[in-house]
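Both ligands and their constituent atoms are indexed starting at 1 by order of listing.
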Amino acid sequence: MIRRLCATVSQKASRLCPRVSLTMKPQVVFVLGGPGAGKGTQCSKIVEHYNYTHLSAGDLLREEQARQGSECGQLIANYIKEGKIVPVHITIQLLWKAMQQTMEKDEKMFHFLIDGFPRNEDNLQGWNSTMDEKALVKFVLFFDCDSEVCIGRCLERGKSSGRTDDNRESLEKRIKTYLMSTRPIVELYEKLGKVRSVDASRSVEEVFTDVKAIFDKEG
Ligand code: UP5
Ligand code: MG
């Protein structure tokens, strides 16, 4: 059922967003870390200093959830509230569409920060089978942050964010999913020598100093 619904979304999206012949192969940095580790905050700063486009998988899913007429909206809402990971074909569809739109507007914008993806084995397999030939993964930027610090930041943000998952119950599920499903993906990339790790428990500026050093070297 889910697959059928999302195949329809996929067909519609590809009609809206026809394949373009891309001059440059998109270059991707995956940005991973626990909920509240500062992925979004640091991505915004990277975009200010380097020629990257920030695509948050979570933001794209929240937009799709809120889009009138979305066949996947309710499914996405349920997954997010429960801290579960949305089936990969939905997420990749949204990411690829956003990448293509960015490059259609400006062909020089082929560097992407993909924030909060891949989060589990299903995500990784989905990426490898559909995107491996379309995009190059340069490295994984990993924000290493203690779970309690992460929870504290999200609870603080939850006072005004309006996010349905910034509450203690959802956060405990998000952290569990992160530890069980996402950390192993980081470890897998570590074995390939592709992880650039930053201690994310410090202040925004201190974290960004380390991030800058990484992008100055290989961004
Ligand atoms: N803050 C940030 N840095 C700070 C610092 N150094 N010191 C002090 N405070 C700091 O930051 C969080 C809060 O902390 C903010 O208030 C910030 O000011 C402060 P933020 O930069 O937003 O952290 P981030 O890591 O982006 O946290 P976020 O909550 O967005 O991470 P999640 O990974 O949990 O959320 P995401 O939006 O990526 O995903 C949400 C859900 O979508 C998932 O749980 C899942 O259900 C679903 N999802 C999928 O299913 N698949 C995907 O591929 C992606 C998402
Ligand atoms: Mg975020």
Side-chain angles (χ1 to χ4, degrees), residues 2 6 28 30-48 54-66 72-96 98-99 112-127 130-131 140-183 185-186 198-211:
I2 291 168
C6 294
V28 167
F30 287 144
V31 182
L32 294 176
K39 302 183 291 296
T41 304
Q42 294 295 328
C43 284
S44 301
K45 294 182 76 67
I46 296 167
V47 166
E48 282 170 24
H54 173 207
L55 298 177
S56 158
D59 286 348
L60 290 171
L61 287 166
R62 281 184 285 275
E63 274 167 33
E64 177 62 21
Q65 178 206 314
C72 295
Q74 192 53 51
L75 177 145
I76 295 171
N78 295 342
Y79 271 74
I80 288 182
K81 187 135 191 290
E82 289 304 310
K84 291 197 301 188
I85 298 161
V86 172
V88 67
H89 51 285
I90 301 179
T91 316
I92 287 196
Q93 177 65 46
L94 296 170
L95 284 170
W96 182 227
M99 287 164 82
F112 294 93
L113 300 165
I114 298 196
D115 160 4
F117 180 95
R119 294 173 105 92
N120 65 0
E121 190 65 33
D122 172 59
N123 280 186
L124 187 60
Q125 277 178 12
W127 177 274
T130 59
M131 293 299 293
V140 175
L141 180 61
F142 173 50
F143 291 113
D144 193 3
C145 194
D146 181 77
S147 295
E148 280 310 311
V149 174
C150 286
I151 291 175
R153 286 180 187 171
C154 290
L155 286 178
E156 188 55 36
R157 180 182 58 187
K159 291 175 187 166
S160 58
S161 70
R163 272 179 58 162
T164 55
D165 59 350
D166 275 347
N167 55 76
R168 190 164 280 279
E169 199 188 332
S170 294
L171 272 160
E172 275 165 16
K173 293 176 183 166
R174 286 162 69 189
I175 291 280
K176 203 168 159 195
T177 304
Y178 164 69
L179 294 174
M180 302 270 293
S181 305
T182 312
R183 280 307 302 246
I185 302 301
V186 176
V198 176
D199 173 3
S201 58
R202 299 165 298 158
S203 72
V204 171
E205 288 311 322
E206 283 172 309
V207 175
F208 190 59
T209 301
D210 285 6
V211 169

Give one line per pair: atom of ligand 1, protein atom, distance. Only N/O to N/O under 3.5 Å.
from, atom 1, to, atom 2, distance (Å)
ligand 1, 6 (N), R153, NH2, 3.4
ligand 1, 6 (N), R202, O, 2.8
ligand 1, 6 (N), V204, N, 3.3
ligand 1, 7 (N), R153, NH2, 3.3
ligand 1, 21 (O), G40, N, 3.4
ligand 1, 21 (O), T41, N, 2.7
ligand 1, 21 (O), T41, OG1, 2.5
ligand 1, 22 (O), R157, NH1, 2.8
ligand 1, 23 (O), G38, N, 3.2
ligand 1, 25 (O), A37, N, 3.3
ligand 1, 25 (O), G38, N, 3.1
ligand 1, 25 (O), K39, N, 2.9
ligand 1, 25 (O), K39, NZ, 2.9
ligand 1, 26 (O), G40, N, 3.0
ligand 1, 27 (O), G36, N, 2.9
ligand 1, 29 (O), R157, NH1, 3.4
ligand 1, 29 (O), R157, NH2, 2.6
ligand 1, 29 (O), R163, NH1, 3.4
ligand 1, 29 (O), R163, NH2, 3.3
ligand 1, 29 (O), R174, NH2, 2.8
ligand 1, 30 (O), R163, NH1, 3.1
ligand 1, 31 (O), K39, NZ, 3.0
ligand 1, 33 (O), K39, NZ, 2.8
ligand 1, 33 (O), R119, NH2, 2.8
ligand 1, 34 (O), R174, NE, 3.4
ligand 1, 34 (O), R174, NH2, 2.7
ligand 1, 35 (O), R163, NH2, 3.2
ligand 1, 37 (O), R62, NH1, 3.0
ligand 1, 37 (O), R62, NH2, 2.8
ligand 1, 38 (O), R119, NH1, 3.1
ligand 1, 46 (O), K84, O, 2.6
ligand 1, 50 (O), V86, N, 2.7
ligand 1, 53 (O), G116, O, 3.3

Hey, could you give me the CD1/CZ distance between I85 and F117, rounded to the nearest 0.5 Å? 10.0 Å
List in chain and number order the residues that pass salt bridge (charged side-chain N to carboxylate O under 4.0 Å, His left out) with K173, two or more places apart in sequence or in another chain; answer none if no residue qualifies. E82, E169
How far does CG of L124 sit from CD1 of I185, to the nearest 0.5 angstrom? 5.0 Å
Let me check something: any side-chain donor-acceptor pairs from residues 144-152 under 3.5 Å, sequence neighbours excluded? List them with distances.
from, atom 1, to, atom 2, distance (Å)
D146, OD2, E148, N, 3.0

Lys NZ or Arg CZ of K84 over Y79 ring: under 6.0 Å, within 45°: yes
Just jot down the ring pair (Phe, Tyr, Trp, His ring centres under 6.0 Å) partners of F208, sequence neighbours excluded, or say none. H49
